Amino acid sequence: MLLKIKDISYFLASISYLFPLVIFLLKRRIMNSPLFFYVKINILSVILSYIFLIYYSNSFPIFHFSVFLSTAVLIYYFKIRDLIYLGVYNLLFVFLSVSFIIDIFLFNGIWGNNFYTTIYSNLCLTLLSLRQLFVILDEEDKRSLFTFEWSFYITVSILILNSSSFFFSIFEDRIRSLENDLFLYTFPIYMFFIFIHNFFLSIGLWKKQKVY
């Protein structure tokens, strides 16, 4: 039963990555925006991960590059919306590159878990989205949730995914190594947060006429 729930949750989470892409195509959003690159990276990652799992029983190489690229794109997305602290965002890019190199060349290799890059990505994007959320709430003057602009839903989607991923990423190796069913219980929960992330991301893209 748990295995079936795991498979269903994985399927639904994977399908949910198509939601933002459909919104981009239907609403004719700007195709060279950071968010569109983020959506494309996610979809390609899902497809290539599935292929690698079939042929190599290991999708970590895809996970390495998808985490690095998606994090870089989202840092850039926050950067162009916050021109005050440009130096800070440049440092975040540098630290991201360093963590990526550490994972690939010094510790786990391309076929191992990219622990440092994932943890850094989760922390970085959680803090950036929290800061952006406080700015949005202040600008919106605490109006009704349904009156918030597109940026609110985009920011919340990033916050939901990375704050939930942080705890799962820290204990992932431990959870997988246990002989009980803890992984089978936690994995569907993580897939649920991915689904919610794509749902809120889609709402944000739908509400905005032009996405930058």
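These numbers were taken from a predicted model, which means no experiment stands behind them.
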Would you please test Y190 and S164 for side-chain hydrogen bond (donor to acceptor under 3.5 Å, both in side chains) and show each step?
CA-CA 7 Å; Y190 180 52; S164 60; over 6 Å; no
Which heavy atom of T155 sits nearest a heavy atom of S129, and at what distance?
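Where T155 meets S129 most closely, the heavy atoms are CG2-O, 3.0 Å.
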So which heavy atom on D103 is nearest to which on F115, and how close?
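Between these two residues, the closest heavy atoms are OD1-N, 3.5 Å.
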Would you indicate whether the side-chain heavy atoms of [Y] and [X] approach each other to under 4.5 Å?
X	Y	answer
L53	S57	no
T118	F63	yes
F200	I158	no
S33	F36	yes
S151	R81	yes

So F65 and F100, ring pair (Phe, Tyr, Trp, His ring centres under 6.0 Å) or not? Walk me through it.
CA-CA 9 Å; F65 288 100; F100 181 73; 5.5 Å; yes
Report the C-alpha separation of F19 and F195 in whole Å, then their side-chain angles, then the decisive distance to 0.1 Å, and conclude whether the ring pair (Phe, Tyr, Trp, His ring centres under 6.0 Å) test is met.
CA-CA 10 Å; F19 297 168; F195 185 91; 5.8 Å; yes
Taking the side chain from [X] and the backbone from [Y], do they hold a donor-acceptor pair closer than 3.5 Å?
X	Y	result
Y120	L92	yes
H64	G112	yes
S49	V46	no
N162	T126	no
T117	N114	no
H197	S157	yes

From CA spacing to verdict: ring pair (Phe, Tyr, Trp, His ring centres under 6.0 Å), Y38, Y77
CA-CA 10 Å; Y38 174 68; Y77 164 75; 8.9 Å; no
Evaluate whether atom CZ of F93 has more than 12 neighbouring non-hydrogen atoms of other residues, nucleotides or ligands under 6.0 angstrom away.
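Correct, the count exceeds 12.
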side-chain hydrogen bond (donor to acceptor under 3.5 Å, both in side chains) between T71 and S121, worked out:
CA-CA 6 Å; T71 304; S121 171; 2.6 Å; yes
Below 30° counts as parallel, above 60° as perpendicular, anything between as tilted: where do the rings of W111 and F52 land?
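Correct class here is tilted.
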